[in-house]
Amino acid sequence: MLRTHTCGELSLKDLGMEVAICGWITRKREFGPILFLIVSDRYGMTQVVVNDASLVEKAKKFSIEDVVLVKGQVIDRKENRTDKYPTGEIEVDAGSLDVLNSSRPMPYDHNKEASDTVKMKYRYLDIRKSLIRENLIARSKITGLVRCCLEKSGFIEIETPVLNKSTPEGARDFLVPSRIWKGSFYALPQSPQVFKQLLMVAGMDRYYQIVKCFRDEDFRSDRQPEFTQIDIEMSFVEEDDVMNEAENMIKKVFEGMKKDVVLPEKFPRISYDEAMERFGTDAPDTRYGMELIALDDIFKKSSFKAFADAANDSSKTVKGVVVENKAKEFSRNIIKKMEVAVQGDGAKGLAFIKKIDSSLESPLLKFFNEKELAGLSEIIPENGVLFIVADSRPIALRSMGNFRKRMANELKLVDKDVVAPLWVVEFPAFELDEEEDRWIATHHPFTDFDIDGLKDDPAKIRSRAYDMVINGHEVGGGSIRIHDVEKQKKVFSILGISEDEAEEKFGFLLESLQFGAPPHGGIAFGLDRLVMVLLGIDAIRDVIAFPKTTSASCLMSSAPSMVKKEQLEELGIKLTGKKEE
RNA sequence: GCGGUCGUAGUUAAGUUGGUUAUAACGCCGGCCUGUCAAGCCGGAGGCCGCCGGUUCAAGUCCGGUCGACCGCGCCA
């Protein structure tokens with residue numbers, strides 16, 4: 001090693017010691033015959049004082065971010081101590097200074113806000129100089145805890161292929177052309193789903209993998225084209241077994257990362273229907289109240305037509321949210337802005353009723369009879385506001401669910417110190433794709449479900465799936481799988497996948513189910529999102545070392561890029577819609 | 001695929017109803033300075049105003065298109 005210590009560890013206990021430290025010059029302050037350098041690495045920063053005249057001359061030529069090796073004695077800063085950084089009580093009195101490598105001026109100022117564009121282009125500098133470094137260190141600790149916990153529980157990590165077969169359903173695949181089989185393509189895995197099931201047939205019993213997955217869709221602040229899953233599968237299990245194992249793991253990870261946080265002994269469970277009714281989302285954040293209120297009963301006979309229509313039509317609903325202590329504060333203007341936001345979710349309008357000095361106030365008041373007014377008065381507390389959306393069920397639920405979330409953020413109702421995990425269960429197994437008029441699998445087509453007595457209405461079937469939600473983020477999801485070949489074939493037929501297609505795409509899976517496939521199930525966690533939740537970060541980019549932009553390009557390497565004609569010819573590929581160069 | 005915000009020195013921004021040589025701070029280069037803590041002081045260099053086209057006597061500014069970044073909708077079994 002070139003160094004004896006890192007830049008973060010020297011202190012008064014090392015006084016007098018001859019040390020060697022390496023790092024990047026982050027500050028240089030000259031005073032004629034004396035000069036200070038701040039040398040940093042990922043452990044911290046240490047001040048170097050240069051007194052020797054020839055060394056000062058040498059150091060004057062150093063640039064910010066030059067990599068240096070400093071040898072010298074640890075001395076007390078005495079009256080010049082600082083508490084601005086942990087090593088502020090000492091400094092290294094330079095005996096020798098060497099530049100191991102020089103640096104060009106930094107392309108942007110790390111101490112100020114910079115555009116994402118320039119930071120992404122010089123990602124390695126952003127990692128060196130920003131909190132992203134800490135996030136990556138935390139991420140490593142998290143995967144370490146996961147591995148440790150799963151290995152202790154008898155899971156074995158097995159790698160599955162990255163070059164895969166393209167499957168129908170689900171997200172768009174990233175394709176990789178085959179040189180040997182011209183005209184054929186591999187697909188990068190959207191998840192190792194089928195392979196982990198085959199490992200169960202193989203008798204591997206308890207498998208896990210921390211693995212990259214790829215989906216070629218459009219991206220957001222919490223979505224990247226390649227992301228990482230903690231993938232888990234177990235044999236001879238039912239829902240509770242997988243959920244207990246998963247809960248145990250998550251608790252270990254949180255305990256290892258946040259010592260002061262206590263997670264509930266058992267994570268609460270709520271059904272998909274209940275989550276939608278109470279929170280307007282299948283990933284509820286239960287750190288705050290303001291749950292959705294069903295108002296259909298109150299308005300069934302209302303003379304306000306929009307409410308009465310929605311209350312009496314089973315495909316529609318009237319939903320409300322009470323915001324406390326704001327009746328006097330919310331002006332018409334503020335409420336108008338809220339309405340615009342709600343309309344952004346497709347709702348036709350946002351009604352409101354205030355209670356001030358025990359009496360109700362609202363432009364709609366004249367439409368309500370005494371029974372309705374009494375019902376409303378019971379719901380709305382003094383100085384509270386009831387917001388109402390009457391619309392089709394999905395729109396009313398979604399818009400009020402989002403309204404609740406926005407309101408909680410704006411009113412700062414979210415307690416950042418609380419961790420609220422829960423399970424969402426009893427998902428519908430199938431939902432109707434209205435555009436294509438066919439059934440699609442809500443989870444994925446290998447999810448087991450209770451088929452008895454519901455042969456004719458797929459909408460009523462509940463699947464054996466479960467999602468883990470923490471603070472309103474879906475961090476993981478899984479299910480008990482189908483291990484009976486006939487049942488699996490039936491699902492494909494419900495989904496409109498023909499027998500031929502099923503054979504072609506999933507033949508190897510269907511075949512494996514006929515060789516003693518054990519009952520099995522599992523779960524997969526989105527590692528990036530889990531890290532985000534643990535660190536309280538909003539952007540997935542900040543927990544990934546080298547992320548892509550929202551249009552899936554890498555500003556550092558300029559991927560994706562065009563390739564030589566010869567490369568394409570070798571693959572038997574001819575371009576049709578190439579963009580102008 | 002759709003919508004919103006943004007794009008001006010290396011960086012972050014300002015730039016009026018269109019009108020002289022496009023400002024500032026930080027950074028960079030040169031000089032001064034014996035204890036700094038984002039050190040300070042003096043001086044200097046640095047611009048395809050994202051790109052293409054249009055309107056105009058005149059465009060950083062107005063209009064159209066395009067590219068890119070970010071945020072959201074659709075999408076993401």
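Labels below follow one simple rule: chain letters A, B, ... track the order of the sequence lines, proteins then strands, and each chain is numbered from 1.
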Participant: Take nucleotides 5-13 of chain B nucleotide by nucleotide from the 5' end and write B, S or -, depending on whether a protein heavy atom sits under 4.0 Å from the base, only from the sugar-phosphate, or from neither.
Facilitator: -----SSS-

Participant: Given that both distances must come in under 3.5 Å, which nucleotide forms a Watson-Crick or G-U wobble pair with B/G7?
Facilitator: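 By the stated definition (distances under 3.5 Å), B/C67 pairs with B/G7.
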
Participant: With a 6.0 Å cut-off (strictly less than), is the heavy-atom count around NZ of A/Lys71, excluding the residue itself, greater than 12?
Facilitator: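 Check fails, neighbour count at 12 or below.
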
Participant: Classify A/Ile64 by what it touches in the nucleic acid, base, sugar-phosphate, or nothing, heavy-atom distance under 4.0 Å.
Facilitator: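 Result for A/Ile64 = sugar-phosphate.
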
Participant: Could you work out the separation of B/C63 and B/U21 based on their P atoms and round it to a whole Å?
Facilitator: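 To the nearest whole Å, 25 Å.
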
Participant: Indicate, with a heavy-atom threshold strictly under 4.0 Å, whether A/Arg172 touches base, sugar-phosphate, or nothing.
Facilitator: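 Result for A/Arg172 = nothing.
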
Participant: Examine B/C71: is either OP1 or OP2 under 4.0 Å from a nitrogen or oxygen in the side chain of A/Arg541? Give yes or no.
Facilitator: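 So the side chain of A/Arg541 is within the cut-off, an N or O lying under 4.0 Å from OP1 or OP2 of B/C71.
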
Participant: Could you say whether the aromatic ring of A/Phe31 and the base of B/C33 stack, counting only centre distances under 5.5 Å and plane angles under 30°?
Facilitator: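 Answer is no, no stack.
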
Participant: Is it the case that over 12 heavy atoms from other parts of the model lie below 6.0 angstrom from the CD atom of A/Gln343?
Facilitator: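 Correct, the count exceeds 12.
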
Participant: Between B/U61 and B/A9, how far apart are the P atoms? Round to whole Å, please.
Facilitator: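 So the two P atoms sit 14 Å from each other.
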
Participant: Of the options B/G68, B/G1, B/C73, whose atoms approach the side-chain atoms of A/Ser551 most closely?
Facilitator: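 For the A/Ser551 side chain, the nearest candidate turns out to be B/G68.
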
Participant: By nearest atom, which of the nucleotides B/U34, B/U36, B/A38 is closest to the A/Arg27 side chain?
Facilitator: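 In terms of side-chain proximity for A/Arg27, the closest of B/U34, B/U36, B/A38 is B/A38.
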
Participant: Just to be sure I understand the rule, does A/Ile440 reach a base, reach only the sugar-phosphate, or reach nothing, if contact means heavy atoms closer than 4.0 Å?
Facilitator: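 It contacts nothing in the nucleic acid.
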
Participant: When you measure from the side-chain N and O atoms of A/Thr550 to the phosphate of B/G68, is any distance below 4.0 Å, counting only OP1 and OP2?
Facilitator: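 For B/G68, OP1/OP2 do not have a side-chain N/O of A/Thr550 under 4.0 Å.
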
Participant: If we take the C1' atom in both B/G40 and B/G35, what is their distance in whole Å?
Facilitator: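 Nearest-Å result for B/G40 against B/G35 at atom C1': 13 Å.
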
Participant: Please name the nucleotide paired to B/U16 by Watson-Crick or G-U wobble geometry with both distances under 3.5 Å, or report none.
Facilitator: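 Answer to the pairing question: none, since B/U16 forms no Watson-Crick or G-U pair.
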
Participant: Establish, with yes or no, whether the OP1 or OP2 oxygen of B/A38 is under 4.0 angstrom from a side-chain nitrogen or oxygen of A/Lys84.
Facilitator: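 Checking A/Lys84 against B/A38: at least one side-chain N or O falls below 4.0 Å of OP1 or OP2.
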
Participant: Check the phosphate of B/C75 against A/Arg215, side-chain N and O only, distance under 4.0 Å to OP1 or OP2. Yes or no?
Facilitator: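 It does not, given that no N or O in the side chain of A/Arg215 lies less than 4.0 Å from OP1 or OP2 of B/C75.
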
Participant: In terms of side-chain heavy atoms of A/Arg223, which of B/A69, B/U34, B/C75 is nearest?
Facilitator: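 The nucleotide sitting nearest to the side chain is B/C75.
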
Participant: When you compare B/C6 with B/U16, how far apart are their P atoms, in angstrom units rounded to a whole number?
Facilitator: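 Per the computed distance, 15 Å lies between those P atoms.
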
Participant: So, A/Gln197 side chain and A/Leu509 main chain: donor-acceptor pair closer than 3.5 Å or not?
Facilitator: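 Such a contact is absent between A/Gln197 side chain and A/Leu509 backbone.
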
Participant: Under the side-chain hydrogen bond (donor to acceptor under 3.5 Å, both in side chains) rule, what pairs show up with a residue in residues 21-33 of chain A, not counting sequence neighbours?
Facilitator: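 Counting only pairs at least two positions apart or across chains, the side-chain hydrogen bond (donor to acceptor under 3.5 Å, both in side chains) contacts touching residues 21-33 of chain A are A/Thr26-A/Ser40.
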
Participant: Is it true that, when you exclude A/Leu163 itself, more than 12 heavy atoms of the residues, nucleotides or ligands shown sit nearer than 6.0 Å to its CG?
Facilitator: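 Enclosed: over 12 neighbouring heavy atoms sit under 6.0 Å from CG of A/Leu163.
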
Participant: Give me the distance, rounded to whole Å, that separates B/C57 from B/A14 when you measure between the P atoms they each carry.
Facilitator: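 After rounding to an integer number of Å, I get 32 Å for this pair.
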
Participant: Scan every strand shown for a Watson-Crick or G-U wobble partner of B/G43, both distances under 3.5 Å, and answer none if you come up empty.
Facilitator: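 B/G43 is paired with B/C29.
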
Participant: Between A/Arg29 and B/A39, does any side-chain N or O lie under 4.0 Å from OP1 or OP2?
Facilitator: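 Yes, within the criterion.
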
Participant: For a quick check of understanding: with a heavy-atom distance under 4.0 Å over all strands, which category does A/Gln47 fall into, base, sugar-phosphate or nothing?
Facilitator: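 Since a base atom lies under 4.0 Å of A/Gln47, the category is base.
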
Participant: Quick one: label A/Glu431 by what it contacts on the DNA or RNA (base, sugar-phosphate, nothing), any heavy atom closer than 4.0 Å.
Facilitator: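 Nothing: the residue A/Glu431, judged by heavy atoms under 4.0 Å, touches no strand.
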
Participant: With a 3.5 Å distance limit and no angle check, can you tell me whether A/Asp14 reaches the backbone of A/Ser11 through a side-chain donor-acceptor pair?
Facilitator: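 Here the side-chain-to-backbone pair exists.
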
Participant: Which value, in whole Å, describes the distance between the C1' atoms of nucleotides B/C67 and B/G31?
Facilitator: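 Nearest-Å result for B/C67 against B/G31 at atom C1': 44 Å.
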
Participant: Using the C1' atom in both, what is the distance from B/U34 to B/C70, to the nearest Å?
Facilitator: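 Looking at atom C1' only, B/U34 and B/C70 are 48 Å apart.
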
Participant: Would you classify A/Ser191 as touching base, sugar-phosphate or nothing, given that sugar-phosphate means primed atoms plus P, OP1 and OP2, and contacts are heavy atoms under 4.0 Å?
Facilitator: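 Counting heavy atoms under 4.0 Å across all strands, the contact made by A/Ser191 includes a base.
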
Participant: Should we say atom NZ of A/Lys487 is surrounded by more than 12 heavy atoms from elsewhere, each under 6.0 Å from it?
Facilitator: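 For A/Lys487, atom NZ is crowded (more than 12 foreign heavy atoms under 6.0 Å).
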
Participant: Given the rule in the ring pair (Phe, Tyr, Trp, His ring centres under 6.0 Å) test, do A/Phe492 and A/Phe506 qualify, once you have shown the distances and angles that lead to the verdict?
Facilitator: CA-CA 10 Å; A/Phe492 287 144; A/Phe506 298 112; 5.0 Å; yes

Participant: Please indicate whether A/Tyr186 has more than 12 foreign heavy atoms, meaning atoms of other residues, nucleotides or ligands, lying under 6.0 Å from its OH.
Facilitator: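 No, the 6.0 Å shell around OH holds no more than 12 heavy atoms from other groups.
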
Participant: So what does A/Arg398 touch, heavy atoms closer than 4.0 Å: a base, only the sugar-phosphate, or nothing?
Facilitator: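 A/Arg398: backbone/sugar contact only, no base atoms under 4.0 Å.
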
Participant: What nucleic acid atoms does A/Gln190 come within less than 4.0 Å of, heavy atoms only: base, sugar-phosphate, or nothing?
Facilitator: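 Nothing: the residue A/Gln190, judged by heavy atoms under 4.0 Å, touches no strand.
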
Participant: I'd like the C1' distance from B/A25 over to B/U8, given in whole Å.
Facilitator: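 Rounded to whole Å, the distance is 15 Å.
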
